[in-house]
There are 2 protein chains.
Amino acid sequence: MNTTMLNAIAEPNRLRIVELLRESPSPVGEIATKLKLRQPQVSKHLRLLSEAGLVRAYPNAQQRIYYLQAEPFKELDRWLETFRKVWKDRLDNLNDYMKELKEEEKLNKKGAGQ
Amino acid sequence: MNTTMLNAIAEPNRLRIVELLRESPSPVGEIATKLKLRQPQVSKHLRLLSEAGLVRAYPNAQQRIYYLQAEPFKELDRWLETFRKVWKDRLDNLNDYMKELKEEEKLNKKGAGQ
DNA sequence: TCGTTGTATTCATATATAGGAATATACCTG
DNA sequence: CAGGTATATTCCTATATATGAATACAACGA
C-alpha cells in the first residue's frame, strides 16, 4: 500500500474535499465556499491530491473542475482485502490467546495465594 | 471517516508495523528486529497506533505482545463502501462530462477557424 | 485592450512529528 | 536484592507541511 495516497487523505481538510468530490465534480471556488476554506489553500490541497493521483481536473473556461479518480481507492480496497482475508482466523487465534492469558492469570493468583 | 486512523497508517514505518501485525501478534523487540528499526522508535509508533485504536497489547512476562484491532479497519472499509456505491454512476457521469468537453473543444476549434 | 473572475504559486511562519541518544520503568531469574 | 532483559519515556533537533498574505497567471466579456 502506498503511503502517499494515505497521507493525502489523512489531512482533515483534504478528506473533506475528497468527500465533497465524492458527491460531484466541483470547481475550486465552489469547494472553497462549501468548506469555508480560502481559495489558495484549496488549490494547494488539490495539488497534493492531484500528485497523489486521487483527483484530476478538466478546464471549463477559467474554472477547473476537479473530479475523483477511482484507482487509488480501489488500491486501498485491495489492501483492506488482505486484512479481511486474515481477519476471521486471527480473531479465533486471538480468542485462544486471551483464554490462555486468563488461565495464566488464574494460575498466578493461585500461586500467589499459596 | 477518522483522520486519526488514517494518519496512523500514513507513516511508512507504522504501515509496515501494521502489515507485520497482520501476519501475527508480535512483541516490540521482534518488530524492531524484523523491520530493522530501533526499539524506542517502535515503541513510539506503537503508542500512536494504540492511541488511534489500531492495536492493543497484552503482557507476557516483560514482553508486550501487540495485536491488531479489527474495528478501525472495518470503519475504513465502510467509508470505502460509500465510494464504491457512487462509483459506477460517477464514471458514467464523467463520461458524459468528457463527451461534452470534447464537443465544446470541437466547436471552439471551428469558431477559431472562422 | 482593460477589467473581472477563477485559479495557482510564492514566501514566510508556526506547528507537528520522526528519529537519535540517554534514561526510566517493569518484570523476570538466581 | 542484584543483574539482566524488554519496553516506555524524555529531551533534543531536523524536517515537513498547513496556513495566511500577497501576487502571478489564465481566460473570459465588454
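Given the structure is predicted, the values throughout are model-derived calculations rather than measurements. Only heavy atoms go into these numbers, but all of them, side chains included; no hydrogens, no water, no symmetry mates.
- At whole-Å resolution of the value, CG in A:Leu48 and C1' in D:dT17 are 9 Å apart.
- In this structure, B:Tyr66 reaches the D:dA8 phosphate: one of its side-chain N or O atoms is under 4.0 Å from OP1 or OP2.
- Contact between the side-chain N/O atoms of A:Arg64 and the OP1/OP2 oxygens of C:dT7 is not found at any separation under 4.0 Å.
- Distances shown here put a side-chain N or O of A:Gln41 below 4.0 Å from the OP1 or OP2 atom of D:dG20.
- Of the candidates D:dG20, C:dC28, C:dG19, the closest approach to any side-chain atom of B:Asn13 belongs to C:dG19.
- Under 3.5 Å, the side chain of A:Glu11 and the base of D:dA18 form no donor-acceptor pair of N or O atoms.
- Residue B:Arg14 has a polar side-chain atom (N or O) positioned under 4.0 Å from OP1 or OP2 of C:dA18.
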Derivation of the salt bridge (Lys or Arg N to Asp or Glu O under 4.0 Å) call for A:Glu23 and A:Lys34: CA-CA 12 Å; A:Glu23 304 312 314; A:Lys34 287 192 178 172; over 6 Å; no
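- The nearest whole Å value for the distance from the OH atom in B:Tyr58 to the P atom in D:dT7 is 12 Å.
- Between the side chains of B:Thr82 and A:Arg22, at least one donor N or O lies within less than 3.5 Å of an accepting N or O.
- Each of C:dG19, D:dG20, D:dA18 was ranked by its minimum atom distance to the side chain of B:His45; first place goes to C:dG19.
- As a whole-Å value, the separation of B:Gln39 CD from C:dA18 C1' is 15 Å.
- One cannot find a donor-acceptor pair under 3.5 Å joining the base of D:dA27 and the side-chain atoms of A:Gln63.
- Following rounding to the nearest Å, A:Ile31 (CD1) and C:dT7 (C1') show an atom-to-atom distance of 11 Å.
- Judged by distance alone, the side chain of B:Arg14 and the main-chain N or O of B:Ala8 form a donor-acceptor pair under 3.5 Å.
- Proximity note for A:Asn7 (side chain, C-beta onward) versus C:dT17, C:dA22, D:dT17: the nearest is D:dT17.
- Rounded to whole angstrom, the span from the CD atom of B:Gln62 across to the P atom of D:dG3 amounts to 17 Å.
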Steps toward side-chain contact (heavy atoms from CB on, under 4.5 Å) verdict (B:Leu6, B:Trp79): CA-CA 12 Å; B:Leu6 294 173; B:Trp79 183 74; 5.6 Å; no
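- Between the side chain of B:Lys44 and the base of D:dT7 there is no donor-acceptor pair of N/O atoms closer than 3.5 Å.
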